[in-house]
Structure formats: C-alpha cells, structure tokens
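The shown structure was predicted, so the numbers you read here are calculated from the model rather than taken from an experiment. Quick note: numbers below take in every heavy atom, side chains included, and nothing from hydrogens, waters or symmetry partners.
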Amino acid sequence: MYGLWRPRVLGAWRVPASGPVILAVNHAHNIDGPMLMGTAPRPVHFLIKKEAFVGPLDPFLRGIGQVEVDRSTVDRTAIEQATGVLDGGGVLGIFPEGTRGDGDFASLRAGLAYFALRSGAPIVPVAVLGSTERRGRLIKALPPLRSRVDVVFGDAFEAGDGSGRRTRTALDEATVRIQERLTRHLENARRLTGR
C-alpha cells in the first residue's frame, strides 16, 4: 500500500496491542480492505465475500488468513472461522454494511453485533477516506497512484450494555449503539482529515 499510494494513518495506537478486537471499517472502494490490512498495527483477518476467492487470489487470500463468507446464507463455516480468530486473540475485520456502498455506515447488518456480543471483543471503528475522491489515469478502477488515502482509527468500545445478554433484542440494541458510534467516528474522521 505504501508503494502505490500515500496512506496517512491516524490513531493506530487505539488498537489494543493484544487480545481479541474487531475492526469495523467503512467500505466505499475495493482498496479499503487491502489498505487497512497494509496499514493496521496488527494482522487483520477479514470476512471477504466468496466471489473474491477466484483464480490466484484464492490461495493468496487463504494464505494470509482471510475468511471466505457466502453472503447468500447463514455461513456457519465462516462464523466458526471468524469466532476462532477472536477466540485465539486475533483481529477480525468486518465491513458492517456487508457490501461496498457510500461508506457511511447508514445500513448495518447484525453480524458485527453478533461477533462483538458473542466474543466480548472491543470494537475499533476505522474510517478509510480518500479512496473514492478521484479515479486513476492508468487504472480507472483505482485511486490515482501516489494519492493520499487516510486511515483513521477510533476509540475502542464495547458493543453490549454490560448485562451479558445475547438475545435477539440485545443484538438489535447493540446494532443501534454500534451504528451511532461508527457514524460519530466517521464524522470526526472527516473533520480531522478535511475530507
């Protein structure tokens, strides 16, 4: 990432140095995940759609510990692998909106809340900004080479309400709390970076 673009990483010290943690990342461009993997202070295991595991990318993604997920169903294998990352004290990266979009955390799926409540892992919000501002001249699908992309880490927080409940109601309430925190972090990151 540092060879192709000029990432500016802010707040990486907010990621706990050890133990399980979930990075909740906005997703507006296809380089957002790789950008985070290349700049995060700890190795990140992302939940990645199964459609990305094709050709030479398949063994590469598996080799660096990424988790294949079938978004069309409840993928029990992916759930087990993701909880295994957290149970082993690792870092799980999640795009809480489930797919690439405006990157504004406007519509969260319940997966992030599920993993946070089940594992007790803190959530660190991450905003990747600047990846969609301009198109490259050589490769239109990527930002211009050597352009600046900001990666802003927020304060870690707990998704639960402290009760330890893991009911459907607790999951829905946690999703609302998470969305509020992620939206607030994105606003702060935009103000901080001027984007």
Check [X] against [Y] and note the closest heavy-atom contact, atom names and distance.
X: Val85; Y: Val91; value: CG1-O, 3.7 Å
X: Met35; Y: Trp5; value: CE-CE3, 4.0 Å
X: Ala113; Y: Thr175; value: CB-OG1, 3.4 Å
X: Val44; Y: Met37; value: O-SD, 4.1 Å
X: Ala174; Y: Ala159; value: CB-O, 3.6 Å
X: Ala40; Y: Phe153; value: CA-CZ, 4.1 Å

Is there a path of hydrophobic side-chain contacts, each under 4.5 Å between heavy atoms, that joins [X] and [Y]?
X: Ile79; Y: Val67; value: yes
X: Leu117; Y: Leu182; value: yes
X: Leu192; Y: Phe157; value: no
X: Val176; Y: Phe115; value: no
X: Tyr114; Y: Val74; value: yes

Donor-acceptor contact present, side-chain [X] to main-chain [Y], <3.5 Å:
X: Asn26; Y: Val128; value: yes
X: Gln66; Y: Asp58; value: no
X: His185; Y: Val152; value: yes

inquiry  = Would Ile123 and Arg181 count as a side chain to side chain contact (heavy atoms under 4.5 Å, CB included) here? Give the steps.
reply    = CA-CA 10 Å; Ile123 297 171; Arg181 291 291 296 262; over 6 Å; no
task = Take Arg118 and Asp87 through the test side chain to side chain contact (heavy atoms under 4.5 Å, CB included) and record every step on the way to the result.
result = CA-CA 10 Å; Arg118 187 209 168 277; Asp87 291 345; 3.4 Å; yes
message = salt bridge (charged side-chain N to carboxylate O under 4.0 Å, His left out) for Asp150 and Arg190? Distances and angles first, verdict last.
response = CA-CA 10 Å; Asp150 293 322; Arg190 285 181 173 149; over 6 Å; no
Does the side chain of [Y] come within less than 4.5 Å of [X]'s, by heavy atoms?
X: Val124; Y: Pro16; answer: yes
X: Arg168; Y: Leu171; answer: yes
X: Leu129; Y: Leu186; answer: yes
X: Glu51; Y: Arg71; answer: yes

ask   = Does the side chain to side chain contact (heavy atoms under 4.5 Å, CB included) test come out yes or no for Leu23 and Phe46, once each step is laid out?
value = CA-CA 9 Å; Leu23 300 182; Phe46 261 100; 6.0 Å; no
Taking atom [atom1] of [X] and atom [atom2] of [Y], what is their separation to the nearest 0.5 Å?
X: Leu112; Y: Ile94; atom1: CG; atom2: CD1; result: 5.0 Å
X: Ser119; Y: Ile22; atom1: OG; atom2: CD1; result: 4.5 Å
X: Ile178; Y: Glu158; atom1: CD1; atom2: CD; result: 10.5 Å
X: Thr83; Y: Gln81; atom1: OG1; atom2: CD; result: 9.0 Å
X: Arg191; Y: Thr193; atom1: CZ; atom2: OG1; result: 10.5 Å
X: Lys50; Y: Thr77; atom1: NZ; atom2: OG1; result: 12.0 Å

request  = Answer yes when Lys49 and Asp75 have at least one side-chain N-carboxylate O distance shorter than 4.0 Å, and no when they do not.
outcome  =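 Not counted as a salt bridge, because no side-chain N and carboxylate O are separated by less than 4.0 Å.
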